[in-house]
2 protein chains.
Amino acid sequence: MPDIIWSGHDGAAADDAPRTLIEAACQRLRQDIVAGHYAPGEKLRVEHLKDRYEVGAGTLREALARLAAETLVVAQGQRGFSVASLSLADFEDLTRTRINLECEALRLSILHGDDAWEGQIMASFHRLGRAQDKLDEQPSLDTVREWEERNRAFHRSLLTACPSAWTLHFLGILYQQSERYRRYTLQNRPIPRNIHHEHEAIMQATIARDADRALQLIARHIALTLDAVRSAPPDTFVRRPAGRRTALDRSVAG
Amino acid sequence: MPDIIWSGHDGAAADDAPRTLIEAACQRLRQDIVAGHYAPGEKLRVEHLKDRYEVGAGTLREALARLAAETLVVAQGQRGFSVASLSLADFEDLTRTRINLECEALRLSILHGDDAWEGQIMASFHRLGRAQDKLDEQPSLDTVREWEERNRAFHRSLLTACPSAWTLHFLGILYQQSERYRRYTLQNRPIPRNIHHEHEAIMQATIARDADRALQLIARHIALTLDAVRSAPPDTFVRRPAGRRTALDRSVAG
DNA sequence: CTCCAGGAAAATCTCGAGAAAATATGTTGA
DNA sequence: TCAACATATTTTCTCGAGATTTTCCTGGAG
């Protein structure tokens, strides 16, 4: 139980209580970045942002450093911070990695889940269905927000029984990135109706403990997002500031 | 090619040039933590550390924030920073997740690797063998260091052809954590001889493009580290400062 | 017209001091 | 003896200003 590792790790958690100005600025910045208020690759100048978010320079600086942890912003040596770039190739990789991890997480969740877990899934699915109805009746920013929130809750409920904190941690990061892509490329696009049936099938297979089927369904479900983004206007991904170096520069255990 | 995402992400890369004092402090702190100079769960007081590393308070603070990104340290609301805790349960999870990702990365690497990639693997394997010889002849801190360095290089060479930057990124984090566990639990313990044969078998299967066999071998290879840590003194994992919350609190794409 | 060099402007990086919070300590009462 | 409150100390959090670096603009030479 490596709870501790994530406890203060404002990166993945801490939606609840912004105890410090840093956390508050971190949250607001994260929301604005994920929501697409800043263009991909855009430079984030501390001098400008400290006015916008009404904090000191050092404070904002540390908030940006924390966001760099989530790979939402990048920090270059002596050249300040900028919003992480978006590219189709990255999203393809992101989606494949997410499918890999989410299948593993769902498999473990089905293996370890108890009755309460099943109940939570049904409940969150029901709430998502209601949000879907409201969205169909009256599409608005509020109803969309609510649908997104409950969609996230539904997907999360599927995995709550997964005992692998590391897998969930990485999935959290990938979720966030995925959401950023989705919002950026599919701005204000209506949510197709058939997603509801996908969710229903996933839920049924999961509760029936049919791991093979559930994994197949969730994989396809996630892959559909990739197709949707692929069909975005071709000029969507353009920004590409100079980048270099590759990961995996450290340590290995034998 | 999401190179940009990792470019300045000092978290996983940037061994080369500490362009700022923050990066320098970050590197030194990371080394000291991975090396075990600080006990797991130990509080990291800024006032003390700023003297030790000869930087200002704000500078050290930001370095700690970046290390929190790598999950080496944790930042709690108004209660400062502390070293991430270690537990056997966490290491088991860590290892399983690493096996999952590393198998996927190796599979992709075998799929995409070219002749130059094969050459790099053979070269790094050869260098590792030489380091092993030197280590057998004369065990010392230097020879151990060299072996560790080349072991890391060998494992990295296996995956250089993997096109999934996200998988490699996560693996980098897991590697680092794994190394921390290994050093903490197996301090100064000799490296068993048969590891050389494991590496040889992995290399041969990889170059022969026998993905199934290579994956099986690498999975077992990593799992052996888990066994080694399991056999550590039972009182190794004790520290457990208060922790709460779980990951996966954010976002999902539909 | 292109390319290189120099300098001005902007931004980042760094530091120490003051305010807020949390922990530790000491005291009082039951 | 134990619990609870008030105080004191430590630690974190926050801010603005100065030093260093990068960037951009201008000018001139080839």
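Throughout, protein chains are lettered first and strands after them, A, B, ... in sequence-line order, and every chain is numbered starting at 1.
For residues 74-101 of chain B, every residue pair satisfying the ring-ring contact (aromatic ring centres under 6.0 Å, His included) rule, not counting sequence neighbours, is listed here: B:F91-B:Y181.
For the side chain to side chain contact (heavy atoms under 4.5 Å, CB included) test, residues two or more places apart in sequence or in another chain that qualify with A:T167 are A:L101, A:A105, A:S164, A:L171, B:T97. B:Y53 pairs by the side-chain hydrogen bond (donor to acceptor under 3.5 Å, both in side chains) definition with B:D32, B:Y38, not counting sequence neighbours. Listed by chain and residue number, nothing satisfies the salt bridge (Lys or Arg N to Asp or Glu O under 4.0 Å) test with A:R180 (two or more places apart in sequence, or in another chain). Under the side-chain hydrogen bond (donor to acceptor under 3.5 Å, both in side chains) criterion, A:E54 pairs with no residue, sequence neighbours left out. Not counting sequence neighbours, the partners of B:E149 by the salt bridge (Lys or Arg N to Asp or Glu O under 4.0 Å) test are B:R152. Take B:E92 and apply the side-chain hydrogen bond (donor to acceptor under 3.5 Å, both in side chains) test, not counting sequence neighbours, and it matches B:R230. Under the rule for a salt bridge (Lys or Arg N to Asp or Glu O under 4.0 Å), the partners of A:E146 that lie at least two apart in sequence or sit in another chain are A:K134, A:R150. In this view, A:T95 satisfies the side-chain hydrogen bond (donor to acceptor under 3.5 Å, both in side chains) rule with no residue, not counting sequence neighbours.
One can place CZ of B:R66 at 11 Å from C1' of C:dC13, the figure rounded to the nearest angstrom.
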Interface polar pairs with nucleotides 20-24 of chain C, N/O, under 3.5 angstrom:
residue : atom : partner : partner atom : Å
C:dA22  : OP1  : A:R19   : NH2          : 3.4

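Taking 4.0 Å as the cutoff to heavy atoms of chain B, we find the contact window on DNA chain D bounded by D:dT11 to D:dT22.
A heavy atom closer than 4.0 Å to some atom of DNA chain C occurs in A:L44, A:R45, A:V46, A:E47, A:H48, A:R61, these being the qualifying members of residues 43-61 of chain A.
Taking the six-membered ring for Trp and thresholds of 30 and 60 degrees, B:W166 and B:H169 have ring planes more than 60 degrees apart, a perpendicular arrangement.
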